[in-house]
Amino acid sequence: QKEVEQDPGPLSVPEGAIVSLNCTYSNSAFQYFMWYRQYSRKGPELLMYTYSSGNKEDGRFTAQVDKSSKYISLFIRDSQPSDSATYLCAMRASGGYNKLIFGAGTRLAVHP
Amino acid sequence: EAGVAQSPRYKIIEKRQSVAFWCNPISGHATLYWYQQILGQGPKLLIQFQNNGVVDDSQLPKDRFSAERLKGVDSTLKIQPAKLEDSAVYLCASSRMADTQYFGPGTRLTVL
């Protein structure tokens with residue numbers, strides 16, 4: 001079993017839709033949770049960063065962490081064609097050099 | 001602020017040949033990471049440097065992969081000899097310490 005599971009999609013939605021992206025994990029030591037966006041032929045860029053459980057909102061993006069269920073989500077409101085990309089969840093335990101573990105990524109296409 | 005620079009962007013080689021990738025991190029970033037991203041998968045950490053010392057190389061195939069970070073700035077990753085399964089995007093990332101990682105555009109390697 002992988003430490004981090006993420007449905008690869010692809011996910012296709014119309015412009016303006018609410019998008020829900022999810023990851024599950026097995027390691028209860030994970031404390032830091034991130035979402036990265038990766039455009040085709042580009043490196044990942046950090047979208048959201050959350051410590052422990054709870055919600056965090058940044059513009060059209062909301063990240064949720066439920067540590068009791070080992071489940072994290074990213075919601076995108078009013079999706080735009082420019083949101084079309086692969087979304088990677090990533091997480092790590094606390095402590096200085098614990099490595100980041102990535103999900104496989106979900107490919108999202110937002111069509112006009 | 002300039003981002004993480006990588007070169008070359010693309011490389012095609014035949015199996016058993018050798019190849020080297022170069023990374024220049026963001027100025028002042030002490031920590032440098034090399035990741036391997038196989039098509040359809042999330043990035044996997046190969047090696048992590050703190051200044052010019054190795055913090056984690058547990059997933060580096062040391063029989064064929066080597067990496068160095070001279071003077072705690074630039075880094076090179078080498079594969080010798082390459083195998084077909086090494087075809088992937090090699091991503092370099094940097095961070096000030098063990099916090100937010102910033103990724104370069106990656107080097108896409110094809111091994112024929």
Side-chain angles (χ1 to χ4, degrees), chain A residues 1-11 21-27 29-51 56 58 63 72 74 85-108, chain B residues 1-11 21 23-26 29-51 53-60 88-110:
Chain A
Q1 184 191 7
K2 294 181 182 178
E3 277 190 289
V4 179
E5 298 277 1
Q6 185 176 9
D7 187 336
L11 189 59
L21 304 166
N22 311 293
C23 288
T24 59
Y25 63 95
S26 57
N27 189 342
F30 288 147
Q31 294 278 6
Y32 297 90
F33 303 91
M34 283 138 269
W35 286 95
Y36 282 82
R37 178 175 61 196
Q38 187 173 26
Y39 290 114
S40 181
R41 299 186 184 275
K42 302 284 187 183
E45 58 174 328
L46 183 66
L47 266 181
M48 301 288 284
Y49 185 108
T50 311
Y51 172 71
K56 187 173 184 179
D58 184 1
I72 70 170
L74 178 70
T86 296
Y87 290 79
L88 298 153
C89 63
M91 50 199 79
R92 67 175 181 89
S94 60
Y97 299 114
N98 280 297
K99 60 174 166 267
L100 211 51
I101 306 297
F102 283 85
T106 300
R107 194 149 35 113
L108 171 67
Chain B
E1 178 181 70
V4 176
Q6 290 188 246
S7 68
R9 293 295 314 277
Y10 305 91
K11 190 75 177 176
F21 313 128
C23 173
N24 179 241
I26 293 172
H29 280 193
T31 311
L32 185 147
Y33 314 78
W34 283 103
Y35 288 87
Q36 180 192 59
Q37 187 175 22
I38 292 171
L39 186 65
Q41 299 181 20
K44 181 183 82 171
L45 181 69
L46 292 176
I47 188 166
Q48 179 178 342
F49 292 94
Q50 176 72 17
N51 295 308
V54 175
V55 171
D56 186 343
D57 64 356
S58 57
Q59 297 188 103
L60 186 74
V89 176
Y90 291 85
L91 294 161
C92 178
S94 70
S95 64
R96 284 182 298 143
M97 289 298 287
D99 56 358
T100 303
Q101 296 183 27
Y102 296 87
F103 284 81
T107 297
R108 183 176 297 270
L109 174 67
T110 302

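The basis for the numbers below is simple: all heavy atoms, side chains too, and nothing from hydrogens, waters or symmetry mates. Proteins get letters first, then strands, A, B, ... in listed order; numbering begins at 1 in each.
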Chain A contacts, top residue of B:Pro105, B:Gly104, B:Gly106, B:Pro43 (heavy-atom pairs, under 4.5 Å):
B:Pro43
Honestly, the part of A:Gln38 sitting under 4.5 Å from a heavy atom of chain B is side chain
Where on A:Arg41 is there a heavy atom nearer than 4.5 Å to chain B: the side chain, the backbone, both, or neither?
both
With a 4.5 angstrom heavy-atom cut-off, could you sort out which part of A:Pro8 is near chain B: side chain, backbone, both or neither?
neither
Measure B:Gln37 against the heavy atoms of chain A and call it side chain, backbone, both or neither at under 4.5 Å.
side chain
Partners meeting ring-ring contact (aromatic ring centres under 6.0 Å, His included) with A:Phe30 (sequence neighbours left out):
A:Tyr25
Bottom line for B:Tyr10: the part with an atom under 4.5 Å from chain A's heavy atoms is side chain
Which one, A:Gly103, A:Gly105, A:Pro44, leads in non-hydrogen pairs under 4.5 Å with chain B?
A:Pro44
Return the CZ to CD distance between A:Arg92 and B:Gln101, rounded to the nearest 0.5 Å.
8.0 Å
Contact part of A:Tyr36 toward chain B, heavy-atom cut-off under 4.5 Å: side chain, backbone, both or neither?
side chain
Can you tell me how far CD1 of B:Ile47 sits from NZ of A:Lys99, rounded to the nearest 0.5 angstrom?
12.0 Å
Separation between OH of B:Tyr102 and CG of A:Leu46, rounded to the nearest 0.5 Å
7.0 Å
Could you give me the CA-CA distance, side-chain angles and deciding distance for B:Tyr35 and A:Leu100, then say whether side-chain contact (heavy atoms from CB on, under 4.5 Å) is met?
CA-CA 10 Å; B:Tyr35 288 87; A:Leu100 211 51; 3.8 Å; yes
